[in-house]
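Encoded as structure tokens, the structure appears first; notes follow it.
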Protein chains: 2
Amino acid sequence: MGKGKQTNQPSLTDLAKLLGLSVSGVSRALNNDPRISQATKKRVQALAQQLNYQPNHLAAGLRRGKSKLLGVIVPFIDGRFFAVVIKGIELAASRAGFSVIICQSNEDVAHERQNIETLLSAQVEGILVSISRTTHDFAHFEKVQQRGIPLVFFDRILVGTRVNAVVLDDYAGGFLATQHLIEQGCQRIGHFAGPQQLGIYAHRRQGYLDALRKHGLPLAEEFIVYCDPIALDTGKQAMQKLLQLPERPDAIFSASDAAAVGALQLLEEQQLRVPQDVALVGFSNEMFTSLTKPLITSVDQCCEQMGQAAVRLFLQLGQEPKSQAPQHVVLQPELCIRASSLRNT
Amino acid sequence: MGKGKQTNQPSLTDLAKLLGLSVSGVSRALNNDPRISQATKKRVQALAQQLNYQPNHLAAGLRRGKSKLLGVIVPFIDGRFFAVVIKGIELAASRAGFSVIICQSNEDVAHERQNIETLLSAQVEGILVSISRTTHDFAHFEKVQQRGIPLVFFDRILVGTRVNAVVLDDYAGGFLATQHLIEQGCQRIGHFAGPQQLGIYAHRRQGYLDALRKHGLPLAEEFIVYCDPIALDTGKQAMQKLLQLPERPDAIFSASDAAAVGALQLLEEQQLRVPQDVALVGFSNEMFTSLTKPLITSVDQCCEQMGQAAVRLFLQLGQEPKSQAPQHVVLQPELCIRASSLRNT
DNA sequence: CTGAAAGCGCTAACAA
DNA sequence: TTGTTAGCGCTTTCAG
């Protein structure tokens, strides 16, 4: 009863009344405007503290057209890679005063379109996105660009589009891994490849091929097995297939860690030693590569750096004159060498 | 040149002018208000579509005092548990029309306090939080309650406080796991316990003890090893310790999966068979429990359900008369039985 | 150094 | 069925 407001969140107006000042004065004091006397600043800040005043970002955002919100769209959030990238994003964003709104597309374009709507409605100042597996057209992203909202793709990008992006140099990763195996004395190196329509897997394969070529090793198509990079079993099957060749490989570069683990299991079953008989390198540096026996050498994707780089690019886009050429940031992967590829020769 | 606005995002006012209607009319048409003619609704929606109109949630939120934003604070986001919980949160929240703002406390109270400020400023309608390891007082949460903003704790809660919470029944998990081992014929069951000041680990241990008691097995304090639940090595050390007992255990219930893997590695080194010589059960159902050899039986924490339950509780709190007794939702864990504990007798 | 006033885009009485 | 009006909380000219 009475005219009390239901939320007891004090507003600028409330402060102003209590202090016998104008709202604008209070606003300026709180924003540390240079042309306000120290005396009143103190007064204002004291009361604000006491009443537990919280600025209303919605209102401020509405007024000045800046929400201080940053949108992120990922295919899914569980799974190490995206989780760590998001960690990096959140870190860098909050340092710059932005809050992060997370959306999952669940690998579904329709959902992704919906996410874009949501984020635009929320008036985000930028969108960082890693596209879903079912995304093949650019239409829903064009809306974002038309609004003049900075758009940064990371990791998974749409091929054949000129966009701002942060990606890993998957080619270098494949090259590095393969070269390492060669340096360990391996001669017949097989490859577990992922779906080639996805750039990342195509690049890893190309790096593998070029490393072989550079070192004068033969390129044999039957040494490449295409398999589902997620499932463990396909690694087993792929290994099985390669073991049946007249001359079996003495090393495998797998485009995924899961497949590498599968291979490891099969090799163990077949009484083959890793790395002496077959050396193994995976990709992604998943946590479980440090839990197998032997530990699996793997290409690290610098996930957290990727998140931070994406935010940096976004911030930079916001400051630049306007729509200049799309930027590409390419991160260099690192090879984490472990027992599965170390031949102590 | 010209009076053009810099963002070409059309507003309700723009639509109204173009249509020769009033803003409120357009607003109602878009919100599908029953007292607007179908004819004009069509007209309005058509133009909105064509101009790619996006409602401005900031403005709407400001006006009606509802931001449709939900805040989440977690200690960190990488690591399966929180990632999956957040997946559940995002799913349930977006279904209810809420966007989710994620913050990380990095296990630091100071940071957590900062997160609260951020979320309050963003005018979230509720906060879901899993407290940091360094959080011991409730002060910064009281501010939230005073504002009348629903607050739901999940997984990690402050002991001795009456708050809304969603937790896992860790006791039941410990009981279940131990009972399963007993049913497999194990008689001397050891336990790797986590730090007992954390409720979750204390409860798991108690479940273990009560299961032993119920089945008339002896309770021996030397069968319990206290170790760091994160590190792999401590599992090895703990196992080592138990193997040196005059009568070595024939099973281990580990309060963490990582320690269980450590134990597995040591047992293999010692040429002991799992589960024939020593059976093994872990806790958390981490992904890598399906990658070891043998696969490790583990207690699943229903992470995604926990996220959804937290959102449900939040929604429910928003509707209820007001400040009633704090609600507690207790989720029942499930035992995922795998080879490490299955004695084929 | 401070105040008055306008308005960001939208919703919700109250009128018509 | 539609229009008018006021105002959410804040920033920001423009005047003092």
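For clarity, every value in this text was computed on a predicted model and none was experimentally measured.
Side-chain atoms of S132(B) and T135(B) include a donor-acceptor pair closer than 3.5 Å. Neither side chain, S121(A) nor T118(A), offers a donor N or O lying under 3.5 Å from an acceptor on the other. A donor-acceptor pair shorter than 3.5 Å can be found between the side chains of E112(A) and H140(A).
If you measure from atom CZ of R43(A) to atom P of dC1(C), you get 15 Å, rounded to the nearest angstrom. Straight-line distance from the NZ atom of K42(B) to the P atom of dT1(D): 14 Å, rounded to whole Å. Following rounding to the nearest Å, Q9(B) (CD) and dG9(C) (C1') show an atom-to-atom distance of 10 Å. The separation between K66(B) atom NZ and dA12(C) atom P is 11 Å, rounded to whole Å. What separates NE2 of H57(A) from P of dG9(D) is a distance of 16 Å, to the nearest Å. When the P atom of dC10(C) is taken as reference, atom CG of N31(B) falls 10 Å away, rounded to whole Å. Between the P atom of dT12(D) and the CG atom of D33(A) lies a distance of 10 Å, rounded to the nearest Å. One can place CG of L62(B) at 12 Å from P of dC10(C), the figure rounded to the nearest angstrom.
When each of dC10(D), dC10(C), dG9(C) is scored by its nearest atom to the side-chain atoms of L12(B), the top-ranked nucleotide is dC10(C). Looking at the side chain of S37(B), the nearest of the listed nucleotides dG3(C), dT2(D), dG9(D) is dT2(D). Distances from the side chain of N56(B) to the nucleotides dA4(C), dT2(D), dG9(C) place dG9(C) closest. Of all nucleotides listed (dT2(C), dT12(D), dG9(C)), dT12(D) comes nearest to the side chain of R64(A).
The base of dG3(D) is paired with the side chain of R28(B) by a donor and an acceptor separated by under 3.5 Å. Side-chain atoms of S24(A) and base atoms of dA4(C) include a donor and an acceptor less than 3.5 Å apart.
Look at Y53(B) and you won't find any side-chain N or O under 4.0 angstrom from OP1 or OP2 of dG9(C). For S11(B) and dG9(C), the shortest distance from a side-chain N or O to OP1 or OP2 is not below 4.0 Å.
Under the side-chain contact (heavy atoms from CB on, under 4.5 Å) rule, L119(A) has a single partner from L69(A), V72(A), I127(A), which is I127(A).
A donor-acceptor pair is defined here as one N or O able to donate and one able to accept, closer than 3.5 Å; no such pair exists between the side chain of K17(A) and the backbone of V23(A).
Across the interface with DNA chain C, nearest-nucleotide mapping of A59(B) and G25(B) shows A59(B) to be the residue nearer the 5′ end. Between T13(A) and R35(B), it is R35(B) whose nearest contact on DNA chain D lies nearer the 5' terminus.
Within 4.0 Å (heavy atoms only), L58(B) reaches no atom of the nucleic acid at all.
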